[in-house]
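Structure, as C-alpha cells:
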Amino acid sequence: ERDRDAPVLEHYGHNENPVCATDGNSYNNPCLVREASCMKQEQIDVKHLGRCPGKKAALGKLISSF
C-alpha cells in the first residue's frame, strides 16, 4: 500500500508544449519541469514558453547542452 504523504511522480511526456526552464534546459512541457524539480530536489521553474535558445528536448526528457 502506498504512503499517502509520499509524492507521486507520473510520466507527462506525451504533451508537446515546449518550455525553457530556469535551469537552462528545454522541456517538452511544464509538467516535466515540475518532475525534474522534484527529482533534483531543487527549485526549477518555467522561464518562458518555447525552447531555450540552442537547446532541444527529447520526448519526455530533457537534453543538457553538449
Side-chain angles (χ1 to χ4, degrees):
E1 189 170 301
R2 187 179 79 77
D3 178 0
R4 294 195 186 276
D5 295 325
V8 176
L9 293 179
E10 297 179 26
H11 183 68
Y12 297 101
H14 300 290
N15 259 346
E16 182 80 18
N17 183 21
V19 294
C20 179
T22 54
D23 66 353
N25 290 303
S26 293
Y27 295 84
N28 278 344
N29 59 55
C31 293
L32 292 172
V33 175
R34 288 194 299 270
E35 182 179 12
S37 181
C38 182
M39 297 295 287
K40 294 178 181 182
Q41 293 292 295
E42 63 183 65
Q43 181 84 28
I44 305 173
D45 297 305
V46 173
K47 186 174 183 179
H48 62 78
L49 298 177
R51 300 195 191 288
C52 298
K55 305 261 180 153
K56 295 183 179 180
L59 283 176
K61 297 181 181 176
L62 66 94
I63 294 182
S64 300
S65 58
F66 296 98

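Fair warning: this is a prediction, and the values are worked out from it, not measured in the lab.
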Taking atom CG of Asn17 and atom CG of Leu32, what is their separation to the nearest 0.5 Å?
-> 10.5 Å

Under-4.0 Å salt bridge between Glu42 and Arg34 = no

For the residue pair Arg51 and Cys20, what are the closest heavy atoms and their distance?
-> C-CB, 4.1 Å

Considering only heavy atoms from C-beta outward, does the side chain of Asn25 approach that of Tyr27 to under 4.5 Å?
-> yes

Any idea which heavy atoms bring Ser26 and Cys52 closest together, and the distance?
-> OG-N, 2.8 Å

Audit row: Asp23, Lys47, salt bridge (Lys or Arg N to Asp or Glu O under 4.0 Å) steps and yes/no | CA-CA 9 Å; Asp23 66 353; Lys47 186 174 183 179; over 6 Å; no

side-chain hydrogen bond (donor to acceptor under 3.5 Å, both in side chains) partners of Asp45, counting only residues at least two apart | Gln43

Can Glu35 and Ile44 be said to form a side chain to side chain contact (heavy atoms under 4.5 Å, CB included), step by step?
-> CA-CA 9 Å; Glu35 182 179 12; Ile44 305 173; over 6 Å; no

Sub-4.5 Å side-chain heavy-atom contact between Thr22 and His48 = no

